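Below you'll find the structure, written out as structure tokens, and then a few comments.
All figures in this text were calculated on a predicted structure; none of them were measured in a lab. Numbering of ligands and ligand atoms starts at 1, following listing order.
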Amino acid sequence: MRAVVHDRYGEPEDLYLRELPEPRITDRECLIKVTAVSVNPSDWKTLAGWWSFATGRRFPRQTGIDFSGTIERTGRKVTRFRVGEAVMGSVIPLRKGCLAEYVAVAESHLCRIPKNVALPDAAGIPVACSTAYVGLRHRRKDLQGKRVLLIGGGGGVGHFVIQLGRVFGAHITAVCSEGKMELCRELGADRVLDYGQADPLESGGSYDLVFNCASSISYPQARRILNTGGEYLLLETQGRLWLFAYSLFSQITPSRRLWAFLVSPDGERYNRLAELFEENDLKVVVGSRYPMEKAAEAFRESKNGHATGKIIIDVAQ
Ligand SMILES: NC(=O)c1ccc[n+]([C@@H]2O[C@H](COP(=O)([O-])OP(=O)(O)OC[C@H]3O[C@@H](n4cnc5c(N)ncnc54)[C@H](OP(=O)(O)O)[C@@H]3O)[C@@H](O)[C@H]2O)c1
């Protein structure tokens, strides 16, 4: 099968297509014929070697975390899926990649795609939408009327935060570049700020949650605009692992917490997301798509840091 791999830690240019043996499945895994893979910023960060202490020095390495496709084969103990079903899912980050014609995935990391989403676009849901869901739901059973400041409203995670936030009844102020303001409004943001014109710290208002998808506001800055009991969600610690420890400590303090978190594969959560998509007609906004041969270009676009919605790499038609 064809797979996108790299032979060293480096840049998107280091990616190339190579023939690899088709993966073998264990009893509880399914072999997926991959339709599409989404690009997440962690893909180019892993490629650059940000987490080489965990990913090691064995090359060639595959890349890609979340995908959509059809079940090609099932392990002997797989009970929930049948050959031919359309699924989406993710692989354990840092362990293996799914940007290939086939991938072996644990049954527990898969779910059926929502009926209202096209199969290739469903690849954009598992990681980015999970991040939006987990972040919004953390320690919050009820988001009704809660005020959320979302930094990076038009990107992969951000465009799901707006849609889920609307479903959960939150009041969303989305911060983005001028070109994405209309998109954020269409998706349901209550207020939209162009970061080229307005400083979100000085724009008036205080918030119950600062959801930071672009690292442009630090925790100490966010504390100034957080209500008592509010929380700052940090998606990218930029290698400062102590922030996870601080984040745990912060959970026991009563006011203005910081929470740094990582999402992991979870088929049950993906099922819940699929239900939310169907019940509320949620959308995957695909800003750009590339064929597998142009994976390097897709990674470069993500690395530029201004993606619109999700970047999708089509593996098969
Ligand atoms: N912890 C986890 O489990 C987890 C999971 C997924 C993602 N992440 C991390 O979360 C971050 C966001 O991921 P993503 O997939 O949403 O990335 P993305 O698709 O690249 O989106 C980032 C968005 O931020 C906007 N942006 C850039 N500078 C900005 C600024 N100064 N103010 C406001 N918006 C700005 C960009 O577009 P414009 O500049 O044009 O507005 C872009 O739309 C990444 O660092 C990623 O690694 C973490």
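- Not a single heavy atom of Ala128 sits less than 4.0 Å from an atom of ligand 1.
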Q) Run the salt bridge (charged side-chain N to carboxylate O under 4.0 Å, His left out) check on Glu11 and Arg300 step by step: do they pass? A) CA-CA 8 Å; Glu11 297 296 319; Arg300 227 175 282 128; over 6 Å; no
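- With a 4.0 Å cut-off on non-hydrogen atoms, Ser177 touches ligand 1 through its backbone as well as its side chain.
- Heavy-atom neighbours of Arg137 CZ from other residues, nucleotides or ligands within 6.0 Å: above the threshold of 12.
- Hydrophobic clustering (side-chain heavy atoms under 4.5 Å, transitive across Ile, Leu, Val, Met, Phe, Trp, Tyr) keeps Met181 apart from Phe160.
- Judged purely by atom type and a 3.5 angstrom limit, Gln163 uses its side chain to pair as donor or acceptor with the backbone of His159.
- Note on Glu278 versus Arg112: no salt bridge recorded, every NZ/NE/NH1/NH2 to OD/OE distance being 4.0 Å or above.
- Of the listed residues (Glu236, Glu178, Lys303, Lys180), the one carrying the non-hydrogen atom nearest atom 37 (O) of ligand 1 is Lys180.
- Of the protein's non-hydrogen atoms, Cys213 O, 3.1 Å is the one closest to atom 12 (C) of ligand 1.
- At a 3.5 angstrom cut-off on N or O pairs, Val263 counts as close to ligand 1.
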Q: Would you check, one step at a time, whether the test side chain to side chain donor-acceptor pair (under 3.5 Å) holds for Lys310 with Asn40?
A: CA-CA 8 Å; Lys310 290 299 301 179; Asn40 293 282; 2.9 Å; yes
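- Crowding of Tyr16 atom OH: a count of heavy atoms from other residues, nucleotides or ligands under 6.0 Å exceeding 12.
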Q: Give the intermediate values and the outcome of salt bridge (charged side-chain N to carboxylate O under 4.0 Å, His left out) for residues Arg185 and Glu182.
A: CA-CA 5 Å; Arg185 278 192 204 101; Glu182 196 47 44; 3.4 Å; yes
Q: Apply salt bridge (charged side-chain N to carboxylate O under 4.0 Å, His left out) to the pair Arg224 and Glu202, showing each step before the final yes or no.
A: CA-CA 10 Å; Arg224 289 174 15 211; Glu202 306 296 341; 3.3 Å; yes
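- Close approach to Gly305 involves these atoms of ligand 1, each under 4.0 Å from a residue heavy atom: 27 (C), 36 (C), 37 (O), 42 (C).
- Shortest contact from atom 21 (O) of ligand 1 to any protein heavy atom: Gly155 CA, 3.5 Å.
- Checking Ile65, Leu193, Thr131, Val175 against atom 4 (C) of ligand 1, the nearest heavy atom belongs to Thr131.
- Looking from atom 33 (C) of ligand 1 to the surrounding protein, the closest heavy atom is Tyr195 CD2, 3.2 Å.
- The closest approach between a heavy atom of Asn40 and any atom of ligand 1 is not below 4.0 Å.
- Among all protein heavy atoms, the one lying closest to atom 15 (O) of ligand 1 is Pro41 CD, 3.3 Å.
- The closest protein non-hydrogen atom to atom 31 (N) of ligand 1 is Ser216 CB, 3.5 Å.
- Set against the non-hydrogen atoms of Lys45, the atoms of ligand 1 under 4.0 Å away are 44 (C), 45 (O), 46 (C), 47 (O).
- Relative to the ring axis of Tyr102, Arg73 does not place its NZ or CZ within 45° and under 6.0 Å from the centre.
- Taking a 4.0 Å cut-off on heavy atoms, Lys310 fails to register as neighbouring ligand 1.
- Protein heavy atom in closest approach to atom 43 (O) of ligand 1: Ala307 O, 2.7 Å.
- Checking Ile311, Leu235, Leu183, Ile151 against atom 10 (O) of ligand 1, the nearest heavy atom belongs to Leu235.
- Heavy-atom contacts from other residues, nucleotides or ligands closer than 6.0 Å to CZ of Arg28 number 12 or fewer.
- Comparing heavy-atom distances from atom 7 (C) of ligand 1 across Val157, Leu150, Val134 singles out Val157 as nearest.
- Near Gly152, the atoms of ligand 1 lying under 4.0 angstrom from a non-hydrogen atom of the residue are 24 (O), 25 (C), 33 (C), 34 (N).
- In this structure, the protein non-hydrogen atom closest to atom 2 (C) of ligand 1 is Phe261 O, 3.6 Å.
- The protein non-hydrogen atom at the shortest distance from atom 19 (O) of ligand 1 is Gly156 N, 2.9 Å.
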Q. Can Thr55 and Tyr9 be said to form a side chain to side chain donor-acceptor pair (under 3.5 Å), step by step?
A. CA-CA 10 Å; Thr55 48; Tyr9 292 120; 2.7 Å; yes
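- Near Cys176, meaning under 4.0 Å from one of its heavy atoms, ligand 1 places the atoms 41 (O).
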